[in-house]
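Quick notes on the structure that follows.
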Amino acid sequence: MLGKLTLDAIPLSQPIPLIAAAVVGLVLLGVIAWTVIAGHFPYLWREWITSVDHKRIGVMYCILALVMLIRGFSDAILMRSHMLFAYKAPGYLPPEHYDQIFSAHGVVMIFFGAMPFMIGLMNFAVPLQLGVRDVAFPTLNSVSFWLTASGALLVNVSLVVGEFARTGWWPAPPLSEATYSPGVGVDYYIWAIQISGIGTLLSGVNLVTTILKVRAPGMSYLRMPMFCWTALASNLLIVAAFPILTATLAMLALDRYLGFHFFTDSQGGNSMMFMNLFWAWGHPEVYILALPAYGVFSEVISTFSGKPLFAYRSMVMATMAIFILSFMVWLHHFFTMGPGGDVNGVFAITSMIIAVPTGVKIFDWLFTMYGGRIRFHTSMLWSLGFMLTFVVGGATGVLLAIPPADFVLHNSMFLVAHFHNVMVSAVLFGAFAGYAYWFPKAFGFRLDEWWGKVAFWFGISGFVVVFGAFYILGLLGMTRRMQHYDVADWRPWILIAGFGVVLMLVGVVAQVVQLVVSIRRRESLRDETGDPWDGRALEWATASPPPVFNFAAMPQVHGEEAYWTIKAAAREQLSLRNEPDYAPIEMPINNPTGVVCAFFATLIGFAMIWHIWWLAVLGFLGAFATFVVFAWRDKAEYEIPASEVQRINRANRTTRLEALQGVGRRRAA
Amino acid sequence: MSAADQAAERSKRHRADVAPGEAYPEEDIAKGIRGYLIGLGLAVLLTACSFAVVRMNFIWAPAIPVAVIVFAIAQMGVHLVFFLHITTGPDNTNNVLALAFGVLFVVLLIGGSVWIMANMNHNMMHSPAPAPSHAHH
């Protein structure tokens with residue numbers, strides 16, 4: 001009846017995951033109980049859970065990402081603190097648990113921390129920057145988000161029910177085959193990633209369609225803000241690469257469930273093929289995450305330098321060059337696996353070439369700052385921190401792209417330092433920069449600057465200390481994923497890395513405190529005009545938070561930096577644009593299709609993990625029924641009357657006019 | 001820009017930028033059906049030809065695979081033109097680019113994988129039935 005699921009699945013003998021899960025569970029239950037008792041649930045259901053508004057879905061993606069980043073960071077704390085006690089000693093985490101933690105750390109950070117954060121920022125900002133009302137397929141967007149959340153839920157359920165994969169963040173066969181991993185850990189991995197992967201793919205389709213097909217009049221490709229270009233490249237990569245991951249994990253699932261031999265190394269199977277296919281997705285994935293972050297930096301650096309982005313077209317070219325090249329470098333993840341010198345040589349050269357367009361971007365950002373009047377806002381600090389640390393990560397990447405050097409450094413702590421160096425400084429710093437930059441747009445008030453700067457300085461110094469120590473440990477010969485060690489030379493560097501994690505923890509706490517402090521002080525941090533940073537793209541042309549329809553009238557775009565052009569004219573004449581002719585606006589109706597689909601998807605995933613076949617069938621029928629009900633809906637849109645549009649827009653025009661008159665008075669004085 | 005101009009520009013943009021599957025407002029249905037029927041006819045003809053060259057021995061046996069490949073490529077062309085409506089018109093840039101993009105990445109992935117795995121099998125002597133080494137001399 002319940003497949004493999006018995007009471008033994010709950011790891012009563014392992015106190016650490018159980019206590020961690022109990023705390024998480026209690027907090028979650030507490031939050032749910034509080035929302036229900038305080039009567040907030042109907043509001044949450046109506047306005048957020050069932051929302052098809054791209055801004056709200058973007059915000060929910062970012063909240064999911066923040067929560068999961070903390071989960072992934074607590075895994076990191078466990079690993080680093082364990083290593084403090086593992087010198088000539090077994091440490092406090094048994095090997096089979098330590099294996100699960102480093103696997104979960106990678107999976108959580110990449111799939112449920114970095115990915116939702118980047119997709120959330122794109123979801124929120126791209127339609128606003130393009131000057132449109134929503135993404136191309138609003139309900140599909142909600143389905144994407146909830147499927148991602150469903151995958152995250154399954155990963156967290158593995159803490160309490162069963163176990164997680166012990167294979168590392170890529171489940172490499174033959175270790176991940178049923179022979180060597182008979183437990184449910186790899187199955188949790190497979191179904192969590194399959195379900196969230198479908199969500200990501202749908203989101204990619206949605207955003208590509210939006211950017212190619214839904215833009216404000218006059219917004220030609222070469223007038224799109226840089227963030228939209230990097231979002232386009234990133235989502236095209238999602239559409240091209242995620243099916244490879246889905247197919248590869250489906251083959252692994254067939255091996256495990258039905259005795260197939262794709263990757264078994266016997267009866268014609270080949271485990272190397274898994275590596276090949278996994279990294280054919282895995283390397284584009286690096287750029288799926290990094291490209292939107294490059295877009296955030298472009299927006300932030302240009303805004304806070306008070307200058308247009310330097311050499312916009314070269315930036316577009318560099319983005320699209322990275323997009324193509326990112327599909328030609330995947331072998332550098334397994335130089336040591338046995339391909340010959342000619343194959344390694346070709347992929348070594350492509351891997352080095354990809355550093356060129358990235359270098360172009362660095363120079364473009366530097367020249368954007370050159371001669372500008374720079375304001376050191378938190379998001380600008382993250383951008384500067386990125387540029388300084390990222391060039392080190394890029395340089396060690398070019399070093400690792402040389403096969404002979406890679407043979408020495410492969411799977412060492414040097415490699416671990418390299419990929420954290422690039423992923424943290426590009427993706428995480430980009431996420432934090434975007435968070436500080438667009439927060440007032442999303443919520444109508446700015447984040448507290450002082451706590452933001454504390455978070456930045458502790459975050460970046462902890463990051464440098466931890467991964468600086470890792471580079472040295474790698475050069476001293478330490479390999480990754482060691483559960484204990486007895487080399488005296490490594491000891492001081494491991495202690496230093498442990499100290500670095502404490503610095504990072506202060507940064508994380510400061511980030512949380514910043515949010516709490518900002519919410520409490522929101523009245524004094526209020527963004528009245530909708531343009532708190534003197535911005536240049538269209539998202540700043542509307543109120544903060546924007547009305548559900550984003551723009552009262554579709555903006556007409558007459559050049560690059562659409563909003564800057566409008567604003568410059570307004571400042572010259574000290575008056576706003578003429579008021580548009582207000583017309584009623586049709587917007588999609590919120591509906592629970594996404595969350596209901598994800599509920600059934602979670603059932604399918606859980607049932608497949610535990611071999612509860614009837615439940616899987618039930619989940620599939622439920623998901624299909626949800627689709628049918630949605631497809632046969634009678635009414636898809638509702639109308640916002642012109643008078644309402646006028647009222648909302650006039651309120652924003654009033655504050656903008658006041659701000660403009662303030663400029664006029666200062667000029668006169 | 002007046003409202004009329006805006007509407008004109010929007011409809012112009014609309015015509016030049018039609019999503020896949022979206023119908024042209026002015027296209028007449030009979031013409032559309034004729035296109036599909038021609039496509040169907042060509043597709044059936046090419047399929048029949050493929051079977052014919054395999055089943056009946058009216059061409060030289062070693063040339064049969066080549067002939068089948070030629071028919072297969074022609075079949076793809078027919079599908080692209082008559083069913084997926086890939087044309088060279090300015091309204092079709094997105095579709096052509098999407099096709100080029102798909103072909104590029106499929107070629108990179110499949111070509112790359114075959115090359116890498118063949119090279120690796122050769123180096124690692126993994127192949128279950130290794131070719132006799134003197135074959136290369």
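Just so it is clear: chains get the letters A, B, ... in the order the sequence lines come, proteins before strands, and each one is counted from 1. Keep in mind that what you see is a predicted model, and the values were worked out from it rather than measured.
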Answer with side chain, backbone, both or neither: which region of A:Met328 has an atom nearer than 4.5 Å to a non-hydrogen atom of chain B? side chain
Shorter than 4.5 Å, heavy atoms on both sides: which option in A:Thr209, A:Asp342, A:Leu277 has the most such pairs with chain B? A:Asp342
Per-residue contact mode, A:Val346 against chain B (heavy atom under 4.5 angstrom): side chain
For A:Ala233, give me all partners under side-chain contact (heavy atoms from CB on, under 4.5 Å), at least two apart in sequence or on another chain. A:Leu291, A:Thr319, A:Met320, A:Phe323
Look only at the side chain of B:Asn119 and the backbone of A:Gly340, and say whether a donor-acceptor pair between them is shorter than 3.5 Å. yes
Closest non-hydrogen atom pair, A:Ala240 against B:Phe101: CB-CZ, 3.9 Å
Crowding at CZ, A:Arg223 (>12 non-hydrogen neighbours, <6.0 Å): yes
Spacing of A:Trp281 atom CH2 and B:Leu109 atom CG [to the nearest 0.5 Å]: 14.0 Å
Is there a side-chain contact between B:Asn94 and A:Lys213 (heavy atoms, below 4.5 Å)? yes
Out of curiosity, B:Ser113 OG to A:Leu331 CG, how far, rounded to the nearest 0.5 Å? 10.0 Å
Does B:Met117 reach the side chain of A:Pro339, with side-chain heavy atoms less than 4.5 Å apart? no
Which heavy atom of B:Asn123 sits nearest to which heavy atom of A:Gly338, and what is that distance? ND2-O, 3.2 Å
Would a 4.5 Å heavy-atom cut-off, applied to side chains only, mark B:Phe105 and A:Pro284 as touching? no
Heavy-atom count check: over 12 atoms from other residues, nucleotides or ligands less than 6.0 Å from A:Phe407 CZ? yes
How about A:Phe334 and B:Ile116: do any of their side-chain heavy atoms sit closer than 4.5 Å? yes
Sort A:Leu236 into side chain, backbone, both or neither according to what part of it lies under 4.5 angstrom from a heavy atom of chain B. both
